[in-house]
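Data block below; observations after.
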Amino acid sequence: MAGLTKADYPLGQKRSELIYTPTQKKLEDLTLEAAINGEITSKDMRISPETLSMHAEIAESLHRDQLGQNFRRAAELINLSDQRILEIYNALRPNRSTKGELLQIADELENEYQAAENAKLVREAAEVYERRGILRQEGE
């Protein structure tokens, strides 16, 4: 998708035809009636990576590059389980992981989930934590 701007926000009101769930349901299909009839499930209620990327595009059109990067990283994490995301979050807390453990997480993100932006972030964290002395030491 190219060219989304502030004029397209909020997407759900102004460009709802672009929004699909990860299960390829249209936004307009997500109704209370459909839920009562069993036509949609919780998997249908999740945001898609494409929708997050569209939000990134809008943010970047407003020169909110950091917000755009956050949306892009979120889009990459869609295929990770909530449990794995929490494990990674906890591993990124100061003094919780060794540099090697963080680099393993980065490799996992990049190679198993094609989450290159998140892998880059974890690698940067490992370097910063090393400089600041807030890595867990081997054997602790």
Side-chain angles (χ1 to χ4, degrees):
M1 184 95 256
L4 292 176
T5 67
K6 179 181 177 181
D8 298 299
Y9 185 81
L11 287 171
Q13 291 176 4
K14 296 187 178 175
R15 298 299 303 272
S16 63
E17 77 280 2
L18 298 176
I19 299 176
Y20 289 85
T21 70
T23 58
Q24 297 305 302
K25 290 213 181 343
K26 295 178 185 178
L27 180 61
E28 65 193 39
D29 296 334
L30 305 179
T31 65
L32 180 58
E33 184 177 330
I36 291 169
N37 293 334
E39 297 167 10
I40 59 174
T41 68
S42 62
K43 290 181 182 181
D44 297 314
M45 300 300 290
R46 296 184 72 135
I47 195 166
S48 72
E50 295 81 13
T51 300
L52 287 164
S53 294
M54 286 186 274
H55 281 287
E57 194 172 324
I58 292 168
E60 290 162 354
S61 80
L62 296 166
H63 306 290
R64 299 199 59 203
D65 296 334
Q66 186 64 52
L67 179 59
Q69 286 179 326
N70 289 342
F71 279 125
R72 291 189 191 288
R73 282 193 294 268
E76 289 184 347
L77 294 176
I78 290 292
N79 294 322
L80 276 76
S81 71
D82 292 345
Q83 179 180 344
R84 185 63 184 134
I85 291 172
L86 287 173
E87 290 168 354
I88 293 169
Y89 171 80
N90 283 323
L92 283 165
R93 295 177 68 192
N95 300 304
R96 292 289 176 98
S97 300
T98 65
K99 184 175 183 181
E101 289 167 340
L102 291 177
L103 294 177
Q104 284 179 319
I105 290 169
D107 288 345
E108 172 194 354
L109 288 167
E110 190 165 42
N111 298 321
E112 291 183 36
Y113 299 102
Q114 292 69 53
E117 292 301 315
N118 283 281
K120 179 181 172 187
L121 181 71
V122 172
R123 287 187 184 104
E124 288 174 7
E127 294 299 322
V128 170
Y129 287 11
E130 183 174 48
R131 282 196 310 270
R132 292 186 179 174
I134 57 173
L135 287 168
R136 183 173 57 77
Q137 299 304 308
E138 296 287 341
E140 286 184 5

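The model shown is predicted, which means the values in this text are computed figures rather than measured ones. In this chain, numbering begins with 1 at the start of the sequence shown.
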Closer than 3.5 angstrom, by distance alone: can the side chain of Glu127 be matched with the main-chain N or O of Glu124 as a donor-acceptor pair? no
Inspect the contact between Arg96 and Glu101 and indicate whether a charged nitrogen and a carboxylate oxygen are less than 4.0 angstrom apart. no
Do Glu108 and Arg84 sit within salt-bridge range, that is, some charged N less than 4.0 Å from a carboxylate O? yes
May I ask whether Leu4 and Leu52 are part of the same hydrophobic cluster, defined by side-chain heavy atoms of I, L, V, M, F, W, Y residues being less than 4.5 angstrom apart, directly or through others? no
As an exercise, state the distance from NZ of Lys6 to NZ of Lys14, rounded to the nearest 0.5 Å. 8.5 Å
Checking the side chain of Asp44 only, and the main-chain atoms of Thr41 only, is there a donor and an acceptor separated by less than 3.5 Å? yes
Any side-chain heavy-atom pair from Arg123 and Asp107 closer than 4.5 angstrom? yes
Within the side chain of Ser97, is there an N or O that forms a donor-acceptor pair under 3.5 Å with the backbone of Leu102? no
Would you say that Ile47 contacts Ile78 through its side chain, given a criterion of any heavy-atom pair below 4.5 Å between the two side chains? yes
Would the distance check show the side chain of Thr21 and the main-chain N or O of Lys25 forming a donor-acceptor pair, the cut-off being under 3.5 Å? yes
Rounded at 0.5 Å granularity, tell me how far CD in Gln66 sits from CG in Asn70. 5.0 Å
Quick one: closest heavy-atom pair of Ala119 and Ala106, and the distance? CB-O, 3.3 Å
Mind checking whether Leu80 and Phe71 sit in one hydrophobic cluster, side chains of I, L, V, M, F, W, Y counted as touching below 4.5 Å? no
Mind checking whether Ile58 and Tyr20 sit in one hydrophobic cluster, side chains of I, L, V, M, F, W, Y counted as touching below 4.5 Å? no
Ile40 and Met45: side chain to side chain contact (heavy atoms under 4.5 Å, CB included), yes or no, with the steps? CA-CA 8 Å; Ile40 59 174; Met45 300 300 290; 3.9 Å; yes
Value for CG (Asp29) from CD (Glu39), rounded to nearest 0.5 Å, stands at 8.5 Å
Glu17, CD: over 12 other non-hydrogen atoms inside 6.0 angstrom: yes
Donor-acceptor pair, side chain of Lys99 and main chain of Ala126, under 3.5 angstrom: no
Glu87 and Gln83: side-chain donor and acceptor closer than 3.5 Å? yes
Report the residue from Arg72, Gln69, His55 that forms a side-chain hydrogen bond (donor to acceptor under 3.5 Å, both in side chains) with Glu60. Arg72
For Glu76, is there any backbone N or O sitting under 3.5 Å from a side-chain donor or acceptor partner on Glu117? no
Hphob cluster co-occupancy, Leu121 + Leu86, side-chain heavy atoms under 4.5 angstrom: no
Between OG1 on residue Thr98 and CD on residue Glu130, distance to nearest 0.5 Å: 10.5 Å
Rounded distance (nearest 0.5 Å) linking atom CD of Glu57 with atom CG of Leu11: 9.5 Å
Count I, L, V, M, F, W, Y as connected when their side-chain heavy atoms are under 4.5 Å apart, and connections chain through other members. Are Leu103 and Ile88 then in the same cluster? no
Separation between OG (Ser48) and CE (Met54), nearest 0.5 Å, reads 6.0 Å
State whether the side chain of Asn118 and the backbone N or O of Arg73 hold a donor-acceptor pair below 3.5 Å, judged by distance alone. yes
May I ask you to decide if Thr5's main-chain N or O and Asp8's side chain share a donor-acceptor pair within less than 3.5 Å? yes
Determine whether a donor-acceptor pair (N or O, by modelled atom type, separation under 3.5 Å) exists between the side chain of Ser53 and the backbone of Pro49. yes
Looking at Tyr113, I want to see if its OH is surrounded by more than 12 non-hydrogen atoms of other residues, nucleotides or ligands under 6.0 Å. yes
